[in-house]
Amino acid sequence: MVKAIKVMLIPNNVQKTKMFQYAGASRFAYNWALAREIENYEKGGGFLSDAELRKEFTKLRHSDEYAWLLNISNNVTKQAIKDACTAYKNFFRGLQKFPRFKSKKRSMPKFYQDNVKIRFSNTHVKFEGFSSSRKANKQKMNWVRLAEHGRIPTNAKYMNPRISFDGLNWWISVCVEFPDCRETLNDDGVGIDLGIKDLAVCSDGTKYKNINKSQKVKKLEKQKRRLQCSISRSYEKNKKGESYCKTNNVIKKEKLLLKRNHRLTNIRKNYLNQTISEIVNRKPRFMCIEDLNVSGMMKNRHLSKAVQAQGFFWFRKQLEYRCSDKGIQLIVADRFYPSSKLCSCCGNIKKDLKLSDRVYRCACGNMIDRDFQASINLKTYGEKFAS
């Protein structure tokens, strides 16, 4: 099984400069290749292969105008051209939207490293071309510190190593092949109902609270709102005519705001991962969840912010990954399956059930929490399709 591992890097100032140069060269090569494809198409030509574009780019590198590209590893620009060609062809195959040019301000800085030449130790990763000198003290610049020691195996075959910058920190992500670890599962299954009041309610009665209602998250949200207001006032105060002037104080505040956003995102993702791990570690035979219409729920202006903060897409994505890793069957119930309106005792469907009705009351005398009942119905649904 192939697993993706992402680890934070701790580069020094010289290494940070090199990384930004590599990311800039990667962006330049991607935009150049995409512009050549569009230009060739407008002249009535077909697709340009990445091999043709790489040959043309090699001549470009050795010209006087673009001599700065010679200081960048060839594998960085080569992979960027491949990515541009793949994105361009995928548009005509109907697999994605038309590729856009990468922006220096808005696009995430990232670049590729050759999977053959990259090397890992327990504490460092060696990049290609940071220093071409053979002196031992200069060669140290090629080795960048890892924030987590021993996370990436040192004697493995690496696939698609990518380095990216999220606005605060540099990260390296790499795919590594591990042996399959299938475990003995229980005979029981689990139905999981996702919601806003509670993140998840399981059919065995376990509830996982909404982390966004905790005091820690509320405090960070309040700090975020105040920073946003302060930045907005600073922009208005330093406005020159119709243009806005970004002062050093505004840059400092925007960096603080970015830190608050990262902190909130990390808290939410960490809680989701802990919840999923706890459910998967019970080793059920199957799990059943709903196919939620998240895009439709986001159109409700009263619930959109709460739905977005819950991270339903991330929950399902990680649950699919963990289930495939452990050999657990994941069943997704039909979008129109009435899990909340269906009585778990008599099978009657209560069509007039409102979102504000938190307790389900049926004519047969069944009175139960609606979310818990939905999880029981999802478990029953899963038993029909479980293999």
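FYI, side chains are in, hydrogens and waters are out, and symmetry mates aren't considered; it's all heavy atoms of this structure.
- Atom CG of Asn248 is surrounded by 12 or fewer heavy atoms from other residues, nucleotides or ligands within 6.0 Å.
- Under the 4.5 Å side-chain heavy-atom criterion for Ile, Leu, Val, Met, Phe, Trp and Tyr, Leu272 and Val332 are members of the same hydrophobic cluster.
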Applying salt bridge (Lys or Arg N to Asp or Glu O under 4.0 Å), run through Arg282 and Asp188 and close with a yes or a no. CA-CA 10 Å; Arg282 297 177 201 168; Asp188 200 12; over 6 Å; no
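- You'll find the side chain of Thr184 stays beyond 4.5 Å of the side chain of Lys283, heavy atoms only.
- Aromatic ring centroids of Phe130 and Phe127 lie under 6.0 Å apart.
- Put simply, the side chain of Arg322 reaches to within 4.5 Å of the side chain of Asn273, judged on heavy atoms.
- Judged by the 6.0 Å distance and 45° axis criteria, Lys269 is positioned over the aromatic ring of Trp314.
- Using cut-offs of 30° and 60° on the angle between ring planes, the pair Tyr337 and Tyr381 is tilted.
- To the nearest 0.5 angstrom, Ser230 atom OG is 10.5 Å from Glu254 atom CD.
- Within the 4.5 Å cutoff, the side chain of Met159 has no heavy atoms near those of the Val176 side chain.
- In this structure, Asp83 pairs ionically with Arg162, as a charged nitrogen and a carboxylate oxygen lie closer than 4.0 Å.
- The ring of Phe20 has its center closer than 6.0 angstrom to the ring center of Phe165.
- Minimum heavy-atom separation, Ile10 to Ala147: CD1-CA, 3.8 Å.
- Between Ile81 and Tyr30, every side-chain heavy-atom pair lies at or beyond the 4.5 Å cut-off.
- Nearest heavy atom pair, residue Phe286 against residue Glu383, reads CZ-CG, 3.5 Å.
- Within a 6.0 Å radius of CG in Asp64, no more than 12 heavy atoms belonging to other residues, nucleotides or ligands are found.
- Taking OG of Ser49 as the reference point, atom CZ of Arg54 lies at 8.0 Å (rounded to 0.5 Å).
- Inspection of the Asn249 and Thr247 side chains reveals no N or O donor paired with an N or O acceptor under 3.5 Å.
- Taking the side chain as every heavy atom from C-beta outward, Ser339 and Glu290 approach each other to under 4.5 Å.
- Within 6.0 Å of NZ on Lys102 lie more than 12 heavy atoms contributed by other residues, nucleotides or ligands.
- A salt bridge between Glu39 and Arg36 is present, with a side-chain N of the basic residue lying under 4.0 Å from a carboxylate O of the acidic one.
- By the 30° and 60° cut-offs, the orientation of the rings of Tyr41 relative to Phe92 is tilted.
- Put simply, CZ on Arg370 and CD on Gln373 are 9.5 Å apart, with the number rounded to the nearest 0.5 Å.
- Both the sub-6.0 Å distance and the 45° axial angle are not jointly satisfied by Lys246 relative to the ring of Tyr235.
- At a threshold of 4.5 Å between non-hydrogen side-chain atoms, the residues Ser173 and Ser164 do not count as touching.
- The backbone N or O of Asn266 lies less than 3.5 Å from no partner atom in the side chain of Asn270, so there is not a single donor-acceptor pair.
- For the pair Gly191 and Leu378, the tightest heavy-atom approach, listed with the atom from each and the gap, is CA-CB, 4.2 Å.
- One distance of note links NZ of Lys384 with SG of Cys288; it measures 10.5 Å at 0.5 Å rounding.
- Partner of Cys85 under the side-chain contact (heavy atoms from CB on, under 4.5 Å) criterion, chosen from Leu34, Leu53, Asn90: Leu53.
- In this structure, Glu65 places its CD atom where only 12 or fewer heavy-atom neighbours from other residues, nucleotides or ligands lie under 6.0 Å away.
- For Arg263, the CZ atom is loosely surrounded, since the number of other residues' heavy atoms within 6.0 Å does not exceed 12.
- A donor and an acceptor atom, one from each side chain of Asn75 and Gln113, are nowhere located under 3.5 Å apart.
- Heavy-atom minimum distance, Lys3 versus Asp325: NZ-OD2, 3.6 Å.
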Discussion item. As a quick check of understanding, evaluate side chain to side chain contact (heavy atoms under 4.5 Å, CB included) for Asn71 and Leu69, giving each step before the final call.
Written reply: CA-CA 5 Å; Asn71 299 324; Leu69 287 167; over 6 Å; no
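- Between Phe372 and Val201 the shortest heavy-atom distance is CA-CG1, 3.8 Å.
- Contact of the Gln310 side chain with the Leu199 side chain is registered, since non-hydrogen atoms from C-beta on lie closer than 4.5 Å.
- The distance from the CD1 atom of Ile279 to the CD1 atom of Ile328 is 10.5 Å, given to the nearest 0.5 Å.
- Within a 6.0 Å sphere centred on CZ of Arg106, other residues, nucleotides and ligands contribute 12 heavy atoms or fewer.
- Distance check: Arg268 CZ to Gln308 CD gives 8.5 Å after rounding to the nearest 0.5 Å.
- Taking 4.5 Å as the limit, some side-chain heavy atom of Tyr158 sits within range of a side-chain heavy atom of Phe120.
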Practice prompt. Give the C-alpha distance, both sets of side-chain angles, the deciding distance and a yes or no for salt bridge (Lys or Arg N to Asp or Glu O under 4.0 Å) between Asp371 and Arg358.
Written response: CA-CA 8 Å; Asp371 295 332; Arg358 303 315 305 170; 2.9 Å; yes
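- Contact between Val125 and Leu146 at its shortest, heavy atoms only, is CG1-CD2, 3.9 Å.
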Query raised in the report: Should Lys140 and His124 be marked as a side chain to side chain contact (heavy atoms under 4.5 Å, CB included) after you check the CA-CA gap, both sets of side-chain angles, and the distance that decides it?
Result: CA-CA 10 Å; Lys140 287 182 181 179; His124 290 74; over 6 Å; no
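- Surrounding NZ of Lys259 are at most 12 heavy atoms belonging to other residues, nucleotides or ligands under 6.0 Å away.
- A side-chain N or O of Ser295 and one of Asn293 form a donor-acceptor pair less than 3.5 Å apart.
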Side chain to side chain contact (heavy atoms under 4.5 Å, CB included) between Asp369 and Lys207, intermediate numbers included = CA-CA 12 Å; Asp369 181 78; Lys207 285 187 178 182; 4.2 Å; yes
Carefully, step by step, assess Arg233 and Glu236 under the rule salt bridge (Lys or Arg N to Asp or Glu O under 4.0 Å).
CA-CA 5 Å; Arg233 286 195 300 269; Glu236 288 294 334; over 6 Å; no
Test Lys78 against Asp114 for salt bridge (Lys or Arg N to Asp or Glu O under 4.0 Å), laying out the working first.
CA-CA 10 Å; Lys78 181 175 73 175; Asp114 188 14; over 6 Å; no
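- The local environment of CZ in Phe101 is crowded, with over 12 non-hydrogen atoms from other residues, nucleotides or ligands closer than 6.0 Å.
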